2 protein chains.
Amino acid sequence: MAVTIKDVAKKAGVSPSTVSRVLSNHPRISAETSRKVREIMEELGYHPNIMAKNLVSRTTNSICILLPKSAEELFSNFFFMELIRGIVTQANRQGFDVLISSGANEKDEVEGVSRLLNGHRVDGVILLYSRIDDPVVDFLHKNNHKFVLIGRSEHYPDILSVDTDNVQASYDATKHLISLGHERIGFVSGPPELVVSKDRLKGYMQALIDSGLESKPEWIVEGEFLQESGYRAISFFMNLPDRPTAIVLIDDVVSFGVLRGLHELNYKVPEDLCLVSFNNIPLSEMSTPPLSSVDIGIYNMGYTASQLLIQAIQNTGEAKTELGRFIIPHRLVVRESSIFSVPKGS
Amino acid sequence: MAVTIKDVAKKAGVSPSTVSRVLSNHPRISAETSRKVREIMEELGYHPNIMAKNLVSRTTNSICILLPKSAEELFSNFFFMELIRGIVTQANRQGFDVLISSGANEKDEVEGVSRLLNGHRVDGVILLYSRIDDPVVDFLHKNNHKFVLIGRSEHYPDILSVDTDNVQASYDATKHLISLGHERIGFVSGPPELVVSKDRLKGYMQALIDSGLESKPEWIVEGEFLQESGYRAISFFMNLPDRPTAIVLIDDVVSFGVLRGLHELNYKVPEDLCLVSFNNIPLSEMSTPPLSSVDIGIYNMGYTASQLLIQAIQNTGEAKTELGRFIIPHRLVVRESSIFSVPKGS
DNA sequence: TTGAAAGCGCTAACAA
DNA sequence: TTGTTAGCGCTTTCAA
C-alpha cells in the first residue's frame, strides 16, 4: 500500500494535520517541523493522493477537451494538435490536468461531459470547434457549467469563447485577391453546420460587395476540410464558362486538393488561378507553389482558451467572470500562390 | 451542493449501501428497489462522484498519454492525432478516461507522470514514441508502473509495446525500389535518438546487402520529421556526382520537402527520382505526384496500445500480464512517386 | 504552532 | 435482499 499522510506523521512524530499543513504551505507552521516533515516525506517516498485531496477540497484541478467525434470531422489534424498543445501547455503551467473525451455521436458527447462535469471529475470543458446548433453547448449553458468555445455560438453570443475574426480574415483574404486585379473570385467553404464556414463566407461576400464585384452562386462551393473537397471543387470551377480567376479556400488542406486537381488539368498556379486559404499549416510553405494563407494563431487560441477557462473556474463566486469573445489576431501570409496579377482571360 | 447517494437513499427510503449496489448492478438486489432507486436518481438528477468512488475503490479508471514536449518533436501531427484518436476511442469504450500530460523537458515529463501515477490519478501511461535512451521509461520500469510504449525499448526489450516491424517495413520499401531496377538508393532518416530511425535504417541497409547493392555513407542523411529535412537533403543528394536514383524517406512530410526541392531544381518525380516514404498520411495521396508510402496503421496502433494497457491494469495480481511487442501489420501503398523504372543515367 | 475530530461521497465487509 | 459500520486519504474547523 502506498505511503499516506499518516505514515509520514507517525514517523515525524507529528499529527496528520501538521503534515497536511506542510503540504499546503500553511503560513503558521514552524520552519523546523516543516523541514523535518519534508525530509520524512522524501525518505518515505510520499506522494499525495490526488483523489482524496480533490474529494475534500471539492475541486478537481482538471479540465476536459471534447474531441471531434469522427476522423472526418477531425479535419485539419494540424489545427487540433496545435490547439491541444496550447491548451495542455497552459493548463499544466497552472497546475491543471487535461482530460480528453470524445463520443460516437452528439448524444454520446453530452453524456460524456455530463458524467465528467456532474461527477466532479473535471471543473470545465473546452469545445474545439463550433457547430451552428450544438446540443453540447445547450447542455453546458443550461446547467451553468464552466466552458469555453473555440469559435463562437450563434445562440448564445455571450458565451466565453476564443475566436478568430473570421469575417474580417476572410474579408482581408478576398480583398488581397481583389487588389491583385481579380474580378471573378470563387469560394470553397467548409461544412455548412460549422460557424467558421458561415463567417468566412460572409467576409468573402462583403469584400466583393464593397468592391462592386459580381458574386455568382456557382462560384461558391461547400465541402469538408479535406483535400477531396478541393479536388472536386476545382474540376467544377474550371468547367464553368465564366470561371473564377482566383479562389478563397476554407483551409490549406483543401488547397492541396486544388493544387492536385489543377496539375492534372494542366493549369498553373498562380498563372491560371490564384489561391488564398486559411490556417497557414507548416506544409503550406512547402507546397508547389507555396500557398498564401491566413495565419490564425492556433496555438495561441488554445493557450488563451485554457487560460480563460481556468480563470473562470477559479473566480467562481466572486466577481462574475468576464464573458464574451476573445479575438486572436490573424495575419495574411502572402506566398507564391497569389503573387501574380490577373491571369489570362480576365 | 450536489445530490449524493445519501439524498437518494433517504428519498427512496433505503440505505445508502442499497443505492450503491444499484449503481454497481449488484446481483442480489430486488428488481423492485432497483427500479425505484433509479427513478429517484433520475428525479433528483443524481450523478456519482467519481473522485469518491475512485478513492475507495483504489482505482482511477484513467490512463495518461504523454505528449511529446515541443512542437518540433510533434513531428507528423497526423501521426499523433491518429494515435490519440485510437487511444481515446478504445479507452472510452472500456470506460476509461484519458489524461494528457506533457513537460518542457525530460525531467518535467518524469515528474508529471510520477505525480499522476504515484498520486493515484491514473492507472497507467502510454508513451507515444520511443527514444533510444528514455528516462521516462527508466522511471516507469523501475517503479513497476503499468505502461505501454508505441515503438520499442532497446534497454528493456520485454516491455509492453505496440510497434510496426520497422525493419521489415523499410526492407519492403527498399526492395520495392530495387525491384523497379534502382541500384543507387538513398535514405533520409529521422532524429538518431528515435528507435524508429534506427530500425528503418537497418531495414534499408539489409535490403541493399541482400540484393548485392552498394551502399554509400553519403546516400544516408539524418534529419527531423519536417519538410525542411527533405528540402535540405535533396539539394545535397542532387549535387552528388553519383546521385541516388531513388530514396526511402522516414516520413511523408519529409517527402513533401523533397518534392518541393526537386520542383525548384527542375527535376521530375518519378522520372528523375523515385520516392517511397512512411505513414501514408491522407495528404500523400494528393501530392503531385501522389506518394508511395508504407501504411503502418496508426489508429490501430493507438487502439491496440490502449487495449493492452487497460488489460494490464485490470489483470493486476492475477496471471502476470503478457509482455512483449505487439506488431501491427504494415502495407506498402504504391503510387506514382515510384512507378517508373530506372531513371536516366542509371 | 500544533493536535483531535469530523467529514468529503462512496464501497464493502459483516450482520441481520 | 438489505442495513450498519468502518474506512479510502485528505483538509479543516475548533480547541489547546
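Chain letters run A, B, ... following the sequence lines, proteins first, then strands; residues in each count from 1. Just so it is clear, the model here is predicted, and its values are computed rather than measured.
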Within the structure shown, what part of the strands sits under 4.0 Å from A:Thr18 by heavy-atom distance: base, sugar-phosphate, or nothing?
-> sugar-phosphate
Rounded to whole angstroms, how far apart are NZ on B:Lys53 and P on C:dG9?
-> 16 Å
B:Leu23 side-chain proximity, nearest of D:dG9, C:dG9, C:dT11 | C:dT11
Starting at the 5' end of DNA chain D, which residue's closest nucleotide do you reach first, B:Pro16 or A:Leu55?
-> B:Pro16
Kindly point out which of C:dA4, C:dG9, C:dC10 is positioned nearest to the side chain of A:Ser15?
-> C:dA4
Selection from C:dC14, D:dT11, D:dC8 that lies nearest to any side-chain heavy atom of A:Ile5 | D:dT11
What does A:Ser20 touch in the nucleic acid at a heavy-atom separation under 4.0 angstrom: a base, only the sugar-phosphate, or nothing?
-> base
Could you please name the option among D:dC10, D:dT2, C:dT11 that lies closest to any side-chain atom of A:Tyr46?
-> D:dC10
Which part of the nucleic acid does A:Thr33 contact within heavy-atom distance under 4.0 Å: base, sugar-phosphate only, or nothing?
-> sugar-phosphate
Is A:Arg115 salt-bridged to A:Glu111, cutoff N-O under 4.0 Å?
-> no
For the pair A:Glu82 and A:Arg85, find out whether any cationic side-chain nitrogen is under 4.0 Å from an anionic carboxylate oxygen.
-> yes
Taking C:dG9, D:dG9, D:dT12 as options, the one with an atom nearest any side-chain atom of A:Thr4 is D:dG9
Check every strand shown and say whether A:Ile29 touches a base, only sugar-phosphate, or nothing at a heavy-atom separation below 4.0 Å.
-> sugar-phosphate
Given D:dG3, D:dT12, D:dG9, which nucleotide is nearest the side-chain atoms of A:Ala52?
-> D:dG9
Length of the line joining A:Lys36:NZ and C:dT2:P, which is rounded to integer Å | 9 Å
Describe, in one word, how the ring planes of A:Phe139 and A:His145 are oriented to each other, choosing from parallel (under 30°), tilted (30 to 60°) and perpendicular (over 60°).
-> tilted
Would you indicate, yes or no, if C:dA12 has its OP1 or OP2 atom less than 4.0 angstrom from a side-chain nitrogen or oxygen of B:Ser57?
-> no
Would you call A:Asp158 and A:Arg152 a salt bridge, taking side-chain N to carboxylate O under 4.0 Å as the test?
-> no
Below 4.0 angstrom, N of the basic side chain to O of the carboxylate: do A:Glu32 and A:Arg35 qualify?
-> yes
Give the rounded distance in Å between these two atoms: CG of A:Asn49 and C1' of C:dG9.
-> 14 Å
Between atom CG in B:Asn54 and atom C1' in C:dC8, what is the gap in whole Å?
-> 14 Å
Comparing nearest nucleotides in DNA chain D, the 5'-proximal residue of the pair B:Val56, B:His26 is B:His26
Taking CE from A:Met51 and C1' from D:dG9, how many angstroms apart are they, rounded to a whole number?
-> 12 Å
Sidechain-backbone polar pair: A:Ser62 side chain, A:Thr60 backbone, donor-acceptor under 3.5 Å = yes
Look at the side-chain N and O atoms of A:Arg58 and state whether any lies under 4.0 Å from the OP1 or OP2 oxygen of C:dG9.
-> yes
Separation of C:dG9 atom C1' from B:Lys10 atom NZ, nearest Å, is 14 Å
Within the structure, does a side-chain N or O atom of A:Arg21 lie under 4.0 Å from either OP1 or OP2 of C:dG3?
-> no
Distance in angstrom units between A:His47 NE2 and D:dC10 C1', rounded | 16 Å
Kindly say if B:Ser30 contacts the phosphate of D:dT2, meaning a side-chain N or O under 4.0 Å from OP1 or OP2.
-> yes
Nearest-Å distance, CG (A:Asn25) to P (D:dT11)?
-> 12 Å
